[in-house]
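Here's the structure, in structure tokens; my notes come after.
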Amino acid sequence: MSFLPKPKFRHPAIETNDLGFTHRDYEGAISTLCAGCGHDSISAAIIKAVYELSLPPHRIAKLSGIGCSSKTPTYFLGASHGFNSVHGRMPSVLTGANLANRDLIYLGVSGDGDSASIGLGQFAHSIRRGVNMVYIVENNGVYGLTKGQFSATSDKGSKNKRGVVNNDAPIDMVSMAIELGATFVGRSFSGDKTQLVPLIKAAIEHRGAAFIDCISPCVAFNNHEGSTKSFDYVRAHNAALNALDFITPRAPISTEYEPGSTEVVRLHDGSSIRLHKIDANHNVHDRAEAMSAIHRHKAAGEIVTGLLYIDEDPQDLHTNLGTIARPLNELNAPELSPSQALLDKMNAALR
Amino acid sequence: MKPTEIADPNYFHKVVDCQWACPAHTPVPEYIRLIAAGRYGDAYMINWKSNVFPGILGRTCDRPCEPACRRGRVEEQPVAICRLKRVAADYKEDIRERLPPKADRKNGKRIACIGGGPASLTVARDLAPLGYDITVFDRDPLAGGMMRTQIPKFRLPESVIDEETDYVLNLGIDFRGNTPIDSMKKLLAEGYDAIFVGSGAPRGRDLDDLPGREECMANLHIGIDWLSSVSFGHTTSIGERVIVLGGGNTAMDCCRSSVRLGGKDVKVVVRSGFEEMKASPWEKEDAMHEGIPILNYLVPKEFKHNGGKLTGVLFEKVKAEYDDKGRRRLVNAGEPDVLLECDDVLMAVGQENSFPWIERDIDIEFNKWDMPAVDEATYQCSRPGIFFGGDAAFGPKNIIWAVAHGHDAAVSIHKYCMGEDIKDRPPPMTTLVSQKMGIHEWSYDNRIENDKRYKVLTVDPAIALKNIKVESELGFDLKLGLAEAQRCLNCDVQTVFADKLCIECDACVDICPVDCITFVDNAEEDVLRTHLTAPATNTTQDLYVSGTLNTGRIMAKDEDVCLHCGFCAERCPTGAWDMQRFTLNMTHAEGACRSRA
């Protein structure tokens with residue numbers, strides 16, 4: 001934990017994005033998490049993704065619940081909107097916010113405790129309703145703030161820091177998300193930004209419920225021998241299905257890759273991702289195939305990562321509900337008060 | 001790239017840009033920290049050991065450290081290192097007790113130093129405490145050499161020179177003023193064990209081939225001779241209209257002295273462009289601040305006179321032209337000549353060594369420029385036992401170079417007198433000590449903030465220009481000194497990386513404010529430099545490269561703009577990064593210079 005503010009000095013040759021911001025303009029306050037926490041790397045990945053997408057900070061809302069992971073929105077996007085909700089209730093608050101103002105980009109940040117235990121129902125319903133959001137679970141398999149108990153995502157058979165073995169079956173967040181109808185599902189690792197950053201960028205551009213399960217080692221309580229969420233374990237057992245390149249609408253799509261190994265996946269706003277298939281058999285558009293890949297690799301003792309599933313034409317909550325296209329805060333008296341004629345007509349219908 | 005060899009004393013030394021740039025390798029951040037802590041005496045003593053004349057250099061140094069300062073690369077201007085040295089000198093307590101005592105036992109060796117300037121006095125300071133009998137000869141009555149004769153008193157008060165030359169002479173040095181050496185042969189006959197020549201570059205260049213030079217003798221003065229004459233009080237006035245020829249620091253001293261001695265219309269005229277002038281930028285500024293114009297691209301052609309009475313100087317207007325190789329040539333600008341009227345001319349167009357007093361038949365080899373051939377590492381000439389240093393060795397430089405030469409020559413003399421091989425010179429000693437005090441506490445102030453360089457206080461020109469003995473700069477007061485000291489980035493507190501401990505969690509990469517650190521696949525240096533988080537384009541600064549890590553990558557850190565804020569070490573969960581203070585013990589003449597065994 002550091003107490004000093006991060007120096008304002010920047011690299012003299014620091015680059016700026018289309019809005020003229022540097023990546024440092026997307027930072028927040030200095031992190032008070034333990035030194036080396038995987039969550040800080042995820043914060044850095046979010047900063048990088050948003051910087052590279054040239055998103056205006058004031059058009060982003062970051063919401064979280066309770067826990068180490070849910071503290072992190074303080075440490076990135078200092079100029080964005082934020083809401084630190086009750087434990088496990090981030091998905092509901094996010095759903096409400098999204099209904100009220102559909103123009104913002106919603107970033108839900110949660111942890112394995114917040115989403116797989118106390119907030120499991122909230123998580124499930126926000127996903128099945130297709131809320132347009134990026135839902136990131138910073139998954140360390142341990143209750144860090146209460147000093148190291150197993151969480152609901154701890155693998156059966158994994159050991160805690162004192163050597164006690166976990167006998168409960170884990171909740172697999174990506175399988176659940178796919179099952180519940182998420183239209184973008186990925187898994188990544190805080191120690192692999194080359195995979196994580198494009199995944200976050202693609203998730204942001206996806207107009208539907210995008211879910212990322214990001215394994216994030218807890219250096220204080222879950223980075224030991226016997227843990228299945230440690231840096232060493234995840235690196236040794238990481239089975240990436242694909243590698244991604246995020247392509248902005250303006251960038252020319254090159255075709256230098258061998259056909260069959262590379263696939264271009266279209267995203268909502270004209271941008272796309274170039275998917276380099278590591279597992280040639282994996283089809284990211286097939287929900288059943290994604291489920292099977294997850295189970296297959298799990299049985300082999302591997303952690304499957306990469307983009308697992310995507311629906312290129314998602315329907316989101318607003319479409320389902322047929323809501324007005326403008327945010328509620330832009331509606332004024334003319335839209336909100338029916339005319340006398342309309343009122344009379346409505347009243348007549350009720351007579 | 002191969003993993004960086006941090007055991008090499010030069011690696012971390014280079015990271016401390018100021019110390020690396022200082023010819024005497026003064027531990028700058030170390031003494032600046034002491035100033036910030038209010039320990040002025042301690043700060044002074046560190047300087048005294050390295051550069052012998054902190055009070056003098058704190059006013060007059062050419063400051064090679066400042067252009068090198070890392071602060072200048074991350075902000076606009078470097079730390080005012082030179083003025084901080086003066087703060088240490090101005091506010092120190094009485095440090096005389098802390099100076100080395102006179103040697104209580106002599107070692108029976110006698111050394112003669114020719115010239116009483118910075119080089120000789122450094123040799124004397126280093127050798128006297130070891131028991132050497134040292135005699136210093138100078139043509140002037142008092143010690144100090146060019147520091148006393150050429151630097152005007154408004155830049156360097158007499159009292160400061162007296163104080164710091166006395167610290168050396170009180171070590172039991174036999175100083176013989178008014179004693180010019182006119183024959184090396186005679187001196188050799190006196191049986192000294194070794195002779196050090198630190199006689200400076202005492203001859204100012206003349207423009208004797210210009211028409212009118214002979215006729216106007218009375219009003220044409222050689223810059224350094226004139227300054228010396230002013231310094232000793234022989235010259236107390238000058239004509240109202242003065243032209244100073246030349247663009248170096250001597251020219252700046254000449255023009256500013258002229259203004260103080262009654263010059264009303266003083267101009268500096270240089271051949272080259274303003275930018276290429278040799279004078280330090282701050283000295284040019286000081287002169288212009290006093291209302292002295294600097295005219296450029298004018299080459300003197302003729303001294304105009306009226307029956308032997310100087311009336312002006314005729315200049316040819318030139319312009320700079322560059323050939324294919326980028327070499328500059330000054331060619332006629334095709335404009336009419338310019339006549340500038342004046343009463344006196346000061347010629348500050350360079351100076352050179354001259355050794356008419358060294359006989360050519362005593363085994364001292366002279367090179368093609370008719371200068372003694374001096375070894376650049378040992379400072380010995382072709383005749384064993386005779387050493388050169390300061391301007392006398394390799395031509396005019398400045399005080400801090402003379403001091404550095406003096407230290408090295410003293411090592412040679414010591415080894416020579418002890419019958420050892422003077423070419424066998426032990427490298428400097430270095431230490432690295434962790435500065436960790438707690439989980440996020442360091443023994444140095446790592447709170448780095450943007451903070452512009454502070455302006456030094458000066459005397460009101462109305463007073464300063466009336467009296468040549470009034471020091472024009474007041475220096476920093478304690479408050480400004482503290483504020484300026486806080487600008488130092490503590491570059492001597494090094495980021496030290498331990499491959500074995502790293503778990504590649506990226507915490508250091510994420511926290512680094514200036515994007516110095518990258519975990520990347522290894523490559524050749526020129527490729528690697530382009531693969532970093534921020535491209536490392538400053539090739540004068542090293543990349544710090546680790547061995548191969550668990551994932552097969554390496555850690556590469558660009559030292560260029562590292563703030564030494566310690567955040568990488570603070571955010572490192574395993575202590576793979578640590579902030580360690582690097583100290584460098586230069587090899588001076590003492591027991592350890594003879595062998596490290």
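Proteins come first, then strands; the chains are lettered A, B, ... in the order of their sequence lines, and each starts at number 1. Note: hydrogens, waters and symmetry copies are ignored here, and every other heavy atom, side chains too, is used.
Residue contact with chain A, scored on non-hydrogen atoms closer than 4.5 Å, involves the side chain of B:Thr551 exclusively. No part of B:Asp560 comes within reach of chain A, as not one of its non-hydrogen atoms sits under 4.5 angstrom from that chain. If you measure heavy-atom distances from B:Cys512 to chain A, the contacts under 4.5 Å come from the backbone alone. Only the side chain of A:Phe231 comes within contact range of chain B, with heavy atoms under 4.5 Å apart. Looking at A:Ile47, neither its backbone nor its side chain comes within 4.5 Å of chain B, counting heavy atoms on both sides. The part of B:Cys565 that comes within reach of chain A is its side chain, from C-beta onward, which places non-hydrogen atoms under 4.5 angstrom from that chain. Within the 4.5 angstrom heavy-atom criterion, only side-chain atoms of B:Val561, from C-beta onward, approach chain A. Both the backbone and the side chain of B:Ile503 come within less than 4.5 Å of a heavy atom of chain A. Heavy atoms of B:Glu449 lying under 4.5 Å from chain A belong exclusively to its backbone.
The pair B:Arg70-B:Asp17 meets the salt-bridge criterion, since a charged nitrogen lies less than 4.0 angstrom from a carboxylate oxygen.
Between B:Phe476 and B:Tyr454, the gap from one ring centroid to the other reaches at least 6.0 Å. Separation of the A:Tyr143 and A:Phe150 ring centroids does not fall under the 6.0 Å cut-off.
Taking 4.5 Å as the limit, every side-chain heavy atom of B:Val87 sits out of range of all side-chain heavy atoms of B:Leu480.
A tilted orientation is assigned to the rings of B:Trp442 and B:Tyr444, their planes being inclined by 30° to 60°. Relative orientation of the B:Trp20 and B:His13 rings is perpendicular, given thresholds of 30° and 60° on the angle between their planes.
For the set B:Asp558, B:Asp515, B:Asn550, the count of heavy-atom pairs under 4.5 angstrom toward chain A peaks at B:Asp515. The candidate with the highest count of non-hydrogen atom pairs below 4.5 Å against chain B, out of A:Ser230, A:Pro217, A:Pro7, A:Ala44, is A:Pro7. Between chain B and the options A:Arg235, A:Lys48, A:Arg10, heavy-atom pairs under 4.5 Å are most frequent for A:Arg235. Contact count against chain B (heavy-atom pairs under 4.5 Å) is highest for A:His23 among A:Glu27, A:His23, A:Glu15.
The heavy-atom pair separating A:Glu138 from A:His39 by the smallest distance is OE1-CG, 3.2 Å. Residues A:Asn84 and A:Ser64 come closest through the heavy atom pair ND2-OG, 3.1 Å. For the pair B:Arg487 and B:Ala80, the tightest heavy-atom approach, listed with the atom from each and the gap, is NH1-N, 4.4 Å.
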